[in-house]
Amino acid sequence: MLTNRLLIVNQNESACREMADYFQDSGYNVIWCTEYDEAVDIFLKGKSKPDVLMVDVLMPGRKEYEFLDKVRNFSEAAITIVSEDQKLDSQLYAYSKKIDDYIVKPVPMPLLEAHVEALMRRTSHEKKKMETAGALSIDYEGRKIYLNHKALKVTAKEFDLLEYFMKHRGMILSRDKILDSVWGYDYIGNYRSVDTLVKKIRAKLTKEYPYIRTVYGVGYCFDVQE
């Protein structure tokens, strides 16, 4: 079960599909559209509201910002702008509309994903101080893990990995993805770091709570059947 939704709005349908496909392949819960009115309806009528809104803004028009004004009237979703317009006054104008991030194209997709993930991580922390999955609970502010209401002794990296699993519950996560997100892109190491840490966490969860499932040839999936 994914806990965050990404809404992509781009008037170029092929570009919108390409971006949506990339994020879906990375395991994100993605919805997309090419019309601003449709995007507003998603916020107003959708059962699950988007947590992050990514809007491709054309240059030099600013009609997109009228749409963002509408969104801000009823949503606190994180907003990121992607645009070829790199002028300072354009970026300042965008931030005056209460956006959260402004990215100048061209931008590599992995970097764009890093921006989105940072926004999702922030919004998740703002929405929840404590989150529970089965017998496991995580206190984001206190950086503590509880199993059946009893605190587990975990290292800082074990907490980071469990937090990452919790935020991507139900997603199949490759070892590469885990290394980049938990250890960092500049980490010089290999898959053994991931496997070793997962083994330690599994031992602390005990066989009674097999929440971390191995996906052979790929990586891991954190899931709790409730």
Next on the checklist: Please determine whether side-chain contact (heavy atoms from CB on, under 4.5 Å) holds for the pair L119 and M54, giving the CA-CA distance in whole Å, both sets of side-chain angles, and the decisive distance to 0.1 Å.
Outcome noted: CA-CA 11 Å; L119 287 175; M54 182 189 300; over 6 Å; no
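- For F67 against V55, the heavy-atom pair with the smallest separation is CE2-CG2, 3.9 Å.
- Contact detail for A39 and V9: the closest heavy-atom pair is CB-CG2, 3.9 Å.
- Between the side chains of D85 and Y102, no donor-acceptor pair is found at a separation under 3.5 Å.
- Taking CG of D180 as the reference point, atom CG of L173 lies at 12.0 Å (rounded to 0.5 Å).
- Heavy atoms from other residues, nucleotides or ligands lying under 6.0 Å from CG of D37 number 12 at most.
- Side-chain contact annotation: S14 with N12, donor-acceptor N/O pair under 3.5 Å present.
- Looking at residues two or more places apart in sequence or on another chain, you find a side chain to side chain contact (heavy atoms under 4.5 Å, CB included) between T196 and R192, K200.
- Side chain to side chain, K87 and Y93 fail the donor-acceptor criterion of an N or O pair below 3.5 Å.
- Summarising the geometry, atom CD1 belonging to I103 is positioned 5.0 Å from atom CG belonging to L112; distances are rounded to the nearest 0.5 Å.
- The pair K70-D41 does not meet the salt-bridge criterion, since no charged nitrogen lies less than 4.0 angstrom from a carboxylate oxygen.
- Going from atom NZ of K157 over to atom CG of L162 covers 12.5 Å, rounded to the nearest 0.5 Å.
- Under 4.0 Å is where a charged nitrogen must lie from a carboxylate oxygen, and between E13 and R17 at least one such pair does.
- Residues satisfying the side chain to side chain donor-acceptor pair (under 3.5 Å) criterion with Y95, sequence neighbours excluded, are absent altogether.
- Residues passing the side chain to side chain donor-acceptor pair (under 3.5 Å) test with D101 are H115, sequence neighbours excluded.
- Between E117 and K167 there is no salt bridge, since none of the side-chain N atoms of the basic residue sits less than 4.0 Å from a carboxylate O of the acidic one.
- When all heavy atoms are compared, the tightest approach of L205 to L147 is O-CD2, 3.7 Å.
- The two residues V104 and E84 have their closest heavy-atom pair at CG1-O, 4.4 Å.
- Among I42, V71, L6, N29, the single residue meeting the side-chain contact (heavy atoms from CB on, under 4.5 Å) criterion with P50 is I42.
- In plain terms, the two heavy atoms of E158 and I201 that are nearest each other are O-CD1, 3.9 Å.
- Closest heavy-atom contact between R175 and V194: O-CG2, 4.2 Å.
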